[in-house]
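Okay, structure first, notes after.
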Amino acid sequence: MASDTVWHPTSFRTHTLGQIQSDGESLVGSEVTICGYMEANRGKGKICFMDIRDGTGRVQIFLKQGGVSDEQLEMAQGLSRESTVQIVGEVAQKRPPKVAEGEPTPPPTYEVVASIFTVLTEAATPLPLGVTDTVSIGLDTRLDNRFLDLRRAHVNAMFTLRSKVLQYGRDHLITEGFKEINSPKIIASASEGGTNLFPMMYFDTPAFLSQSPQLYKQLTILGGMERVFEIGPAFRAENHDTYRHLNEFISFDIEGAWMNDDDVMCVQERMIHHIWSQVAEHDQDQIEIINHYREGQGDEPITVEVPSLPFPRIEYCDAIKMIQDAGEEISWGDDIDSSHCDIIAAKYPGFHFLPRWPMEMKPFYIHHIPGDVGATGEQLSRGFDLNYGRDEMTSGGQREHNVDVLEQNLRNKGLDPADFSFYTDGFRYGAPPHAGWGLGVARLLMVLTGSRNVRETVLFPRDRSRVTP
RNA sequence: GCCCGUGUGGUGUAGCGGUUAUCAUGAGGCGUUGUCGAUGCCUCGACCCGGGUUCGAUUCCCGGCACGGGCGCCA
């Protein structure tokens, strides 16, 4: 729980469980009203111990005959796990658990001795998945029952970290003068050829779900906003089905005026450095929760290693050579696929940029400097990727700001400039050189949390076969 | 879309041409208990669907569906 959070009392509780854990000493003897999910209950007969959990922590409730009514005691003892309860009671120091000879005495912890016990809602049994059970659970079962899966400590920690990552990234960009924007997600035409779009009807007009804020963030730059960013959804109707692809994902996008590809790569590495530093400084508790779970599963613990700056830059030409030297069949102009990325990742296991891709492989809006050619004399672009290990995190680059070149690029891709007039018109009245990138939030979270599947880091993932819940 | 694999209690698993279908977790009951991975005893709960081979199929074969892994695709 963030120490600077102010938890105001609500109609249902005077204190959070986190407050009782952390401020227990000063609360001893005072009456509190608390709420939570019942995680476990022990004891029959004259007493009952109950562990309850809310979004901030866990506390033990002690119920005894005479302390609460017999009816309430019986209800507590027979209550199913994950039922929600409300307790009025007095904070007390827990009796320390028995420790083996020679073991250090644990620090004092606090419990609530109940005087009024109320069941808010009773959970059905059996649970579709055990919130505290140690058995592992298939991802499909978890996603079908995400509302329960999310109650598991390490899953909750993952999404707490996700929130923090977005917060730190946002904070950093704001300190560099970026302003947050929102662009439309219902669009009339493709942002470019290639990617498949989800079609829809916008009243009587055919329309699509947006695959990228690309063209809109550029129009905002042309409008003089100088530096902008957006955290929003992108939709792609691709038939891919892998651990790292989804059909709806959250993209962290920036665009800045008077910048080239090198400049925005620097923005990106500073931002990632800031996020990792902040997590390492403030969120070790969440990392430890995840590691506690990983330990139980026999997985290596994760560590937040703040990457050093600058990130390595491996230009496309050098990457191709590196792959060829490893004995792979690849030639200039080929895409660098996952198995090739493994070769690069062997030498550069962390974050690394891959700048200067061939112009013919990049979309029409990417800038190129005429005469800036690769080893084979082919035109290079000012587009780049950011990878972590084998996985692509980001695509970015400097954008073409000359409208004549832009229209020629469209024609070179077999597209009709007339279809993009809503976009190209923005360049006719003075356009600053500018650059930007789009970062996959879920993929970044995979790196941070050690997840092996992107679905783990998305609350309700949308893949080729899943639209519910 | 292609290739490979898997489908067994609520959950996660073991196993087999004829079994009382294994274990863990869970659920229900009784007892004990300032417990804390509560505990002792008892009980409950499963072979994805359809077809075929066979005296007999959860097991073998075919099809379907679902899921997993890999690839392709992908700003």
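Just so you know, these numbers use all the heavy atoms, side chains as well, and skip hydrogens, waters and symmetry mates. Chain A is the first sequence line, chain B the second, and so forth, proteins listed ahead of strands; every chain is numbered from 1.
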Is there a donor-acceptor contact under 3.5 Å linking the side chains of Ser331(A) and Asp334(A)? yes
When rounded to whole Å, the CG to P distance for the pair Leu197(A) and rC74(B) reads 14 Å
Restricting to nitrogen or oxygen on both sides, can you table the protein-nucleotides 8-11 of chain B pairs closer than 3.5 Å?
{"unit_1": "rG10(B)", "atom_1": "O2'", "unit_2": "Leu127(A)", "atom_2": "O", "d": "3.2"}
{"unit_1": "rG10(B)", "atom_1": "O2'", "unit_2": "Pro128(A)", "atom_2": "O", "d": "3.3"}

Would you indicate what Glu111(A) reaches in the nucleic acid, counting non-hydrogen atoms under 4.0 angstrom: base, sugar-phosphate, or nothing? base
More than 12 heavy atoms from other groups under 6.0 Å of CD on Glu300(A): no
Distance between P atoms of rC16(B) and rU53(B) (Å, rounded): 26 Å
Rounded P spacing from rC65(B) to rG50(B) in Å: 15 Å
Counterpart residues, ring-ring contact (aromatic ring centres under 6.0 Å, His included), relative to His154(A) (two or more places apart): Tyr293(A)
Euclidean distance for C1', rG51(B) against rA57(B) (whole angstrom): 13 Å
Over 12 non-hydrogen atoms of neighbours within 6.0 angstrom of NZ in Lys64(A): no
Integer angstrom distance from the P of rU11(B) to that of rC2(B): 30 Å
Identify the stems formed by RNA chain B, where each pair is Watson-Crick or G-U wobble with both distances under 3.5 angstrom and a stem is at least 3 consecutive pairs. B:1-7 with B:65-71, B:10-12 with B:23-25, B:26-32 with B:38-44, B:48-52 with B:60-64
His401(A) ring center near His434(A) ring center (under 6.0 Å): no
How many whole angstroms separate atom CD of Gln77(A) from atom P of rC30(B)? 11 Å
Roughly how many Å apart are rU59(B) and rG9(B), using the P atom of each and rounding to a whole number? 15 Å
Find the distance Lys46(A):NZ to rG31(B):P and express it as a whole number of Å. 13 Å
Mind checking salt bridge (charged side-chain N to carboxylate O under 4.0 Å, His left out) for Arg142(A) and listing every partner two or more places apart, or none if nothing turns up? Asp149(A), Glu456(A)
Checking only heavy atoms, does the side chain of Glu39(A) share a donor-acceptor pair with the base of rG37(B) at less than 3.5 Å? no
Quantified in whole Å, what is the C1' atom distance between nucleotide rG26(B) and nucleotide rG17(B)? 32 Å
With a 6.0 Å cut-off (strictly less than), is the heavy-atom count around CD of Gln379(A), excluding the residue itself, greater than 12? yes
Separation of Glu82(A) atom CD from rA27(B) atom P, in whole Å? 10 Å
Asp149(A) CG to rG12(B) C1', straight-line distance once rounded to whole Å: 14 Å
Mind telling me whether Phe427(A) and Tyr423(A) have parallel, tilted or perpendicular rings, with 30° and 60° as the class edges? perpendicular
With the criterion being N/O to N/O and under 3.5 Å, what pairs connect the protein with nucleotides 66-73 of chain B, and how long is each?
{"unit_1": "rC71(B)", "atom_1": "OP1", "unit_2": "Arg390(A)", "atom_2": "NH2", "d": "3.3"}
{"unit_1": "rG72(B)", "atom_1": "OP1", "unit_2": "Asp337(A)", "atom_2": "OD2", "d": "3.3"}
{"unit_1": "rG72(B)", "atom_1": "O6", "unit_2": "Asp241(A)", "atom_2": "N", "d": "3.4"}
{"unit_1": "rG72(B)", "atom_1": "N1", "unit_2": "Asn239(A)", "atom_2": "O", "d": "3.4"}
{"unit_1": "rG72(B)", "atom_1": "N2", "unit_2": "Asn239(A)", "atom_2": "O", "d": "3.2"}

Could Glu39(A) and Arg53(A) be called an ion pair, given the rule that one side-chain N must be under 4.0 Å from one carboxylate O? yes
Please give the distance between the C1' atoms of rG70(B) and rC61(B) as a whole number of Å. 26 Å
Can you tell me the distance, in whole Å, between the CD atom of Gln65(A) and the P atom of rU32(B)? 12 Å
Looking at the rings of Phe351(A) and Tyr388(A), which for Trp means the six-membered one, are their centres under 6.0 Å apart? yes
Polar atom pairs between nucleotides 38-46 of chain B and protein, under 3.5 Å, N or O only, would you list them?
none

Measuring only the C1' atom in each nucleotide, how far is rC47(B) from rU43(B)? A whole number of Å is fine. 22 Å
Tell me: CD1 of Ile336(A) to C1' of rC74(B), nearest whole Å? 15 Å
Earlier contact from the 5' end, RNA chain B, for Gln60(A) and Phe249(A): Gln60(A)
Aromatic contact between Phe384(A) and Trp437(A), with the criterion being ring centroids under 6.0 Å apart: yes or no? no
